Amino acid sequence: MTTPTTCRRCGAEMLPGVALAQTLTAGAPDFNGSDIVTLSADSAGAVIDCMKCSACGWSVTGGEK
């Protein structure tokens, strides 16, 4: 994956940053015999590395640390 250098939303410079990733857990199927499952928050989340826009704060995961 290539590291973005400009923000896709506003065009400003992207810099290394951190973000909070939500951790989810799946419950029982919503309907009998169904693959549809409601996801719920499992914990406080996890801090992950990302690339963050220096102007608007939009972030993308998978970039350089």
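The analysis underlying the following values was restricted to heavy atoms, covering all of them including side chains, and did not include hydrogens, waters or symmetry mates. Being a predicted model, the structure only gives us computed values, none of them experimental.
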With side chain to side chain contact (heavy atoms under 4.5 Å, CB included) as the test, would you mind laying out the steps for Cys53 and Ser59 before giving the verdict? CA-CA 6 Å; Cys53 178; Ser59 59; over 6 Å; no

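- Ile48 places none of its side-chain heavy atoms less than 4.5 Å from the side chain of Val18.
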Taking distance alone, no hydrogens or angles, what donor-acceptor pairs closer than 3.5 Å link side-chain atoms of residues 20-28 to residues at least two apart or in another chain?
unit_1	atom_1	unit_2	atom_2	d
Gln22	NE2	Ser43	O	3.4
Thr23	OG1	Ser43	N	3.4
Thr23	OG1	Ser43	OG	2.7

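- Using modelled atom types, no side-chain atom of Thr6 and backbone atom of Glu13 make a donor-acceptor pair closer than 3.5 Å.
- For the side chain to side chain donor-acceptor pair (under 3.5 Å) condition, the pairs that include at least one residue of residues 28-39, sequence neighbours left out, are Asp30-Thr38.
- A pairwise comparison of heavy atoms in Val60 and Met14 identifies CG2-CE, 3.5 Å as the closest pair.
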